[in-house]
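Report on the structure given below.
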Amino acid sequence: MCPTGTSTAVLRRDEAAARGSDLRPAFDVIDADRDGKISKDDLRAFYAGFSGSGASEEDMIGSMMTVADANEDGYVEYEEFESVLPGQSGGSGVMEEVFRVMDRDGDGLVGFEDLQRYLKWAGFETGDEDIRAMIRLGGGDENRGVTFDGLLKILAV
């Protein structure tokens with residue numbers, strides 16, 4: 001807590017928003033247990049919504065944690081998450097991997113059904129028109145879907 005009564009986490013979040021890099025919504029989607037940090041269990045829960053479990057998935061989760069967990073405490077805090085994203089300090093593309101998981105048919109677009117399935121898995125009640133509006137917000141074609149950059153726009157709202 002700062003002398004002003006404001007926590008440093010709030011200050012860092014405000015600084016990130018001022019820089020135009022507030023990726024909190026994307027972070028919150030992956031933080032399944034809502035404890036403010038991403039664990040291997042959070043990543044397993046995220047991937048379980050899209051695919052079966054397997055050894056290659058465990059290897060991928062381990063690799064993601066190794067890349068993102070800069071302080072090696074076993075968790076990815078928001079600042080670490082932000083630092084590994086594209087355009088953020090030469091990031092490695094963790095969100096690109098999230099996009100690939102959501103893009104079940106591998107066509108390079110997250111389409112209506114992909115987004116619908118994901119939102120349902122994440123516990124968001126959305127109607128068809130809401131999903132279409134999200135796709136439009138991301139600059140996508142309602143019939144085809146959104147690109148990776150479009151998905152980042154959707155998650156940043």
Side-chain angles (χ1 to χ4, degrees), residues 6-7 9-54 56-58 60-61 63-65 67-68 75-89 91-157:
T6 306
S7 78
V10 170
L11 289 175
R12 285 189 300 262
R13 188 177 316 138
D14 291 345
E15 291 168 5
R19 289 189 317 265
S21 62
D22 187 9
L23 298 165
R24 179 63 65 176
F27 179 87
D28 291 343
V29 163
I30 299 171
D31 180 18
D33 59 9
R34 307 287 188 246
D35 64 354
K37 53 194 174 192
I38 297 171
S39 67
K40 285 185 178 182
D41 288 338
D42 291 328
L43 287 172
R44 278 187 205 101
F46 177 79
Y47 278 103
F50 300 101
S51 64
S53 60
S56 64
E57 183 176 296
E58 283 299 314
M60 182 172 43
I61 288 170
S63 295
M64 293 170 80
M65 291 297 292
V67 168
Y75 300 97
V76 177
E77 287 82 14
Y78 178 74
E79 291 77 19
E80 293 171 319
F81 177 80
E82 185 180 46
S83 73
V84 298
L85 295 176
Q88 310 296 321
S89 307
S92 68
V94 171
M95 283 304 294
E96 288 173 342
E97 182 59 33
V98 170
F99 178 84
R100 281 192 286 277
V101 169
M102 291 177 72
D103 178 19
R104 293 179 63 102
D105 60 7
D107 66 354
L109 297 168
V110 170
F112 179 89
E113 290 179 8
D114 297 325
L115 194 53
Q116 182 182 48
R117 184 178 298 113
Y118 173 75
L119 291 169
K120 182 178 179 181
W121 168 84
F124 295 106
E125 292 186 32
T126 54
D128 291 356
E129 190 51 42
D130 293 328
I131 295 169
R132 287 185 190 96
M134 287 180 209
I135 291 171
R136 285 191 303 270
L137 176 70
D141 177 320
E142 291 180 43
N143 296 317
R144 296 190 61 224
V146 294
T147 63
F148 173 70
D149 290 335
L151 181 64
L152 289 180
K153 287 178 189 175
I154 292 168
L155 294 175
V157 171

Where do [X] and [Y] come nearest, in terms of heavy atoms and distance?
X: V76; Y: F27; value: O-CE1, 3.5 Å
X: L115; Y: V110; value: N-CG1, 3.9 Å
X: D141; Y: N143; value: OD1-N, 2.6 Å
X: F81; Y: I38; value: CD1-CD1, 3.8 Å
X: M134; Y: T126; value: CE-CG2, 3.9 Å

Looking at [atom1] of [X] and [atom2] of [Y], how far apart are the two atoms once the value is rounded to the nearest 0.5 Å?
X: K40; Y: Y75; atom1: NZ; atom2: OH; value: 11.0 Å
X: L137; Y: D130; atom1: CG; atom2: CG; value: 12.0 Å
X: D149; Y: I154; atom1: CG; atom2: CD1; value: 11.5 Å
X: F46; Y: M102; atom1: CZ; atom2: CE; value: 6.0 Å

Side chain to side chain contact (heavy atoms under 4.5 Å, CB included) between R132 and E129: does it pass, once the steps are laid out? CA-CA 5 Å; R132 287 185 190 96; E129 190 51 42; 4.0 Å; yes
Yes or no on side chain to side chain contact (heavy atoms under 4.5 Å, CB included) for L109 and V146, after CA distance, side-chain angles and deciding distance? CA-CA 5 Å; L109 297 168; V146 294; 5.8 Å; no
Considering only heavy atoms from C-beta outward, does the side chain of D33 approach that of D41 to under 4.5 Å?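 Not in contact.
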Check whether [X] reaches the backbone of [Y] with its side chain - one donor and one acceptor, N or O, closer than 3.5 Å.
X: D31; Y: D28; result: no
X: D103; Y: D107; result: yes
X: D42; Y: S39; result: yes

Around [X], counting heavy atoms of other residues, nucleotides and ligands shown, do more than 12 lie under 6.0 Å from its [atom1]?
X: E113; atom1: CD; value: no
X: E125; atom1: CD; value: no
X: R144; atom1: CZ; value: no

Side chain to side chain contact (heavy atoms under 4.5 Å, CB included) for D128 and F112? Distances and angles first, verdict last. CA-CA 8 Å; D128 291 356; F112 179 89; 3.5 Å; yes
